[in-house]
2 protein chains.
Amino acid sequence: MNLAEAAERIRMAIRSKEFLVIVGRMEVNYEGRASSTLGSGDRVLMIKPDGSVLIHRPTGYEPVNWQPPGSKIEVLLDDRLVIEARRVKPREILRIIFSKIYDVSSYKLRDEAEFAMYATEEDMRKAILMKPSIIEDGFKPIERERKAGDIGFIDIFGVDSAGRLVVVEIKRRNATSEDVKQLVRYVEKIEEEFGKRPRAIIVAPGVQRSAARELELYGIEFKALSPRRCAEILREGKGLERFLK
Amino acid sequence: MNLAEAAERIRMAIRSKEFLVIVGRMEVNYEGRASSTLGSGDRVLMIKPDGSVLIHRPTGYEPVNWQPPGSKIEVLLDDRLVIEARRVKPREILRIIFSKIYDVSSYKLRDEAEFAMYATEEDMRKAILMKPSIIEDGFKPIERERKAGDIGFIDIFGVDSAGRLVVVEIKRRNATSEDVKQLVRYVEKIEEEFGKRPRAIIVAPGVQRSAARELELYGIEFKALSPRRCAEILREGKGLERFLK
DNA sequence: CCGTAAATTTCGCCA
DNA sequence: TGGCGAAGTTTACGG
């Protein structure tokens, strides 16, 4: 494809806020928070209506180079076709130099659909707060996101049926030994603050082998709870809310 | 575009390991580590030769849904065109249901170029090890990635010209109060271990306002060093290496 | 294959 | 606007 023709089509598409897909042979240079260079090769370049820029090689999940939403696009043409995407804060520039253009396509895309994600860690916390008995009978949450000194935040802080303090750490994936260590640090902070050692419970779908050892070692409890079960609880809760209105 | 025709082109492209770009109106469902649903809308779907799958909405850096490299792609056609991308470990399935196809393109892309990223945190460490005087005259590194008890790793551990121990923490971005606190924890660990308090230096392009307070408070030193300067030092070093051969 | 740390992380929430 | 923490994080690098 003719470079001049390509340049014109690209300029038009950007002006009319279309979703651009450009396939070609290009070099890429990036300068900003870091710096990178990428020699000549065939790639797919996407320029979105919001100023996002993505350059994808033939392999991998991540783009090899990119510019986040809001960047300003410039199309330059002399002997070669160059596309620059600039950002001011932080100051970054992405320069794409084409030696061949295989394809330029642009689309007006309409996408108003809602994206719904189920069972994040936040969802798990909500589910526990909505139905604390899934941790154990008589468990009463007191605070969420409680500050533990300067080392972090306790997911849920509460008391059990016997009145003992309980520190709950939630993970949507299997708990690691790192997670256990973090929880131990919270326990120590709470012990400093209240003068007595709290119970500590990791709530997660499972525990990694290495973490199981540490649970034993530090006297941390484990309560199995899957994100899926939390999603169910939230659905029940929503149904209830609607019923009560 | 005809759905049956599209299905055939997509199957062909996948068989011959081409880079696929499909633009159309689609619904998306994901089930795996989490779950998500996305209603009907216009999007760009990319399927890479290595089995990566990316679905991009008209805005944002991140794909709304995806499947990492190595997933198995299936193209199903009855009354609708459905593409499924499956992964076994962890078990995940991405299902894309098309109601319209605007465009199907596929490409044989050749990209053997080397990607070079300059001045990561690792590069900064290398630069300091290569030329310790950029920290201060007489600074001698002893160990890198030194374990500090069970709380983490010290970037560079060394001694100054007066023989005092020095703990160096490197950041490629401005240092935060969290970084200072982490360094303080290292200092305490080293003091426990050696029975004397080491000097502690944060090496970074700058410090956040909140961190500046804490530097004062804990007696932590700061040495300004930009990733860019480190990249220069590494270039000089490489030049030297070549010269010495 | 597990574990750890970094990332041009991005993204969302909240002060 | 900045700070903080999660993410279907991914990726790279050890052991």
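The sequence lines fix the lettering, A, B, ..., with proteins before strands; numbering per chain opens at 1. These values consider heavy atoms only, across backbone and side chains, with no hydrogens, waters or symmetry-generated copies.
Using a 4.0 Å heavy-atom cutoff across all strands shown, A:Thr120 reaches sugar-phosphate atoms only and no base atom. Contact annotation for A:Arg172: backbone-only contact, meaning every heavy-atom pair under 4.0 Å involves sugar-phosphate atoms and none involves a base. When heavy atoms are screened at a 4.0 angstrom cut-off, A:Glu121 is found touching the sugar-phosphate backbone but no base atom. Among the atoms of the strands shown, only primed sugar atoms or phosphate atoms (P, OP1, OP2) are found under 4.0 Å from some heavy atom of A:Lys89.
Stacking here means ring centres nearer than 5.5 Å and ring planes tilted less than 30 degrees, and by that measure B:Trp66 stacks onto D:dG8.
At distances below 3.5 Å, not a single donor-acceptor pair connects side-chain atoms of A:Asp111 with backbone N or O atoms of B:Gly41. Between the side chain of A:Tyr186 and the backbone N or O of A:Phe153, at least one donor-acceptor pair lies under 3.5 Å. Side chain of A:Ser71 to backbone of A:Gly51: a donor-acceptor contact under 3.5 angstrom is found. Side-chain N or O atoms of A:Lys48 include one that pairs as donor or acceptor with a backbone N or O of B:Arg57 at under 3.5 Å.
Within the 4.0 Å cut-off from OP1 or OP2 of C:dT4, at least one side-chain nitrogen or oxygen of A:Ser177 is found.
Distance A:Asn65 CG to C:dT8 P: 10 Å, rounded to the nearest Å. Atom CD in B:Glu92 sits about 12 Å away from atom C1' in D:dT10, given to the nearest Å.
When each of B:Phe115 and A:Glu178 is assigned the nucleotide of DNA chain C bearing its nearest heavy atom, the one mapping closer to the 5' terminus is A:Glu178. Heavy-atom distances to DNA chain C give each of A:Gln67 and A:Thr176 a nearest nucleotide, and the one nearer the 5′ end belongs to A:Thr176.
B:Lys181 contributes atom NZ, which lies 10.0 Å from atom CG of B:Leu217 (distance to the nearest 0.5 angstrom).
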Polar pairs (N or O, both sides) under 3.5 Å between protein and nucleotides 11-15 of chain C?
residue	atom	partner	partner atom	Å
C:dC11	OP1	B:Tyr61	N	3.1
C:dC11	OP1	B:Glu62	N	3.2

Stepwise, does the side chain to side chain donor-acceptor pair (under 3.5 Å) test hold for B:Asn65 with B:Ser36? CA-CA 9 Å; B:Asn65 281 109; B:Ser36 73; 3.1 Å; yes
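Between B:Ile220 and the choices B:Ile202, B:Asp179, B:Val167, B:Ile201, the side-chain contact (heavy atoms from CB on, under 4.5 Å) rule is met once, by B:Ile202.
A gap of 22 Å separates the P atoms of C:dT8 and C:dT4, to the nearest Å. One P atom belongs to D:dC4, the other to D:dG8, and the distance between them is 22 Å to the nearest Å.
A:Tyr30 and A:Glu92 share a side-chain donor-acceptor pair at under 3.5 Å.
For the segment residues 27-42 of chain A, the set of residues with a heavy atom within less than 4.0 Å of an atom of DNA chain C comprises A:Tyr30, A:Arg33, A:Ala34, in numerical order. Of the residues in residues 208-223 of chain A, those with a non-hydrogen atom less than 4.0 angstrom from any atom of DNA chain C are A:Gln208, A:Ser210.
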